[in-house]
Amino acid sequence: MKYTVTGATGNLGQLVVDQLLADVTPSDVRATIHNPKKASLFEQKGIETRTIDYADVTSMVDAFQGTDVLVYIPSNIYNVLQAVSEFEKTLQAVQTTGIKNMVYVGFYADQERNPFVMSSYFGYVPRRLASTDLHFAVLKNAMYADPLVPYLPELIERGAIIYPVGQAPLSYISRNDSAEAIATVATTPALRNNGQLYTLTQPESYDMDTLATIMSDITGAKIGYAPMTLSAFIEAYRAEGDGVELVSMYHAGNLGLLSTVTDDFKQITGHDAQPMPSFLKAHYQK
């Protein structure tokens, strides 16, 4: 079996490749990359690399040759039309090369009334895959826990979490846990052959007061919860270029749309995802 992973140089993609190597040999894994300079990340592990461009079907047809299972990790962008176009071009390459199995990595903010700017894209892909003759599975990640770790020094300085989500809880998953589930589904036909939809979360969700308490206990600093308004949050992060997009996600959280908790991770792997307290404790360093 040949497993091809797109977006392999990203934070999640590298972990997916490493998780696959726990079950299959390096010769069974192919990493597709956008920057040829990063090929050494995989070549030193004995993994074949191919350079692709999501906007170029020909490049993907060449890269996907001989693939049995494609693990598709989409671009991290906030442009619905571009994301749909990239997926459709990828699907064209999949069909041209005769790939029969696909694992798609999505996001759980995909409800019809979800105001997150990318919700329509994440809702579109499972429906589009259902219209094909592919064997496929969709894994929807909850919010990543990982960015909270480098964010802790700022929270300590502020003395408070500022997410504009009111009292609604948020669900999280670590990238490492996500990668384990993705690799397990990719290598287990029974988990990916029938259009399965999985939502990957930790065992429980956390309202911001509870999350602040957890962070305070781990860091030894007093962290509370002082939510910004949606407009103030946009202004605070406008300079980083994604204030509007981020606030649309937290608006969804405020509506209670990002609180989903499932046992899908345990059903896939046989054990619980790492909960937030132990995750932060394991990764935070003063």
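We use all heavy atoms of the structure for the numbers below, so side chains are in, but hydrogens, waters and symmetry mates are not. Residue numbers run from 1 in the order of the sequence given.
Using modelled atom types and a 3.5 Å distance limit, the side chains of S131 and R128 yield a donor-acceptor pair. Of the N and O atoms on the side chains of E88 and Y124, at least one donor lies less than 3.5 Å from an acceptor on the other residue. Using modelled atom types and a 3.5 Å distance limit, the side chains of H135 and Q196 yield no donor-acceptor pair. Side chain to side chain, D62 and S59 fail the donor-acceptor criterion of an N or O pair below 3.5 Å. Defined by atom type and a distance below 3.5 Å, a donor-acceptor pair is present between the side-chain atoms of S75 and E86.
At a threshold of 4.0 Å, the pair D28-K2 does not count as salt-bridged, since none of the basic side-chain nitrogens sits closer than that to a carboxylate oxygen. The pair K222-E157 fails the salt-bridge criterion, with no side-chain N (NZ, NE, NH1 or NH2) lying under 4.0 Å from an Asp/Glu carboxylate O. Note on E43 versus K45: no salt bridge recorded, every NZ/NE/NH1/NH2 to OD/OE distance being 4.0 Å or above.
Between Y250 and F233, the ring centre distance stays below 6.0 Å. Checked against the 6.0 Å centroid threshold, F87 and Y72 count as a close aromatic pair.
Across all non-hydrogen atoms, the minimal contact from S205 to P169 is OG-CB, 3.5 Å.
Classified by interplanar angle (parallel below 30°, tilted 30° to 60°, perpendicular above 60°), the ring pair Y121/Y104 is perpendicular.
Remark: the backbone N or O of G166 is paired with a side-chain donor or acceptor of Y225 at under 3.5 angstrom. A distance-only check finds no donor-acceptor pair linking the side chain of T67 to the backbone of L70 [under 3.5 Å]. Under the 3.5 Å distance criterion, the side-chain polar atoms of H251 are left unmatched by any main-chain donor or acceptor of V247.
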Before you tell me yes or no, could you show the steps for F116 and F107 under ring-ring contact (aromatic ring centres under 6.0 Å, His included), namely the whole-Å CA-CA distance, both residues' side-chain angles and the distance that decides it to 0.1 Å? CA-CA 11 Å; F116 177 48; F107 187 51; 5.7 Å; yes

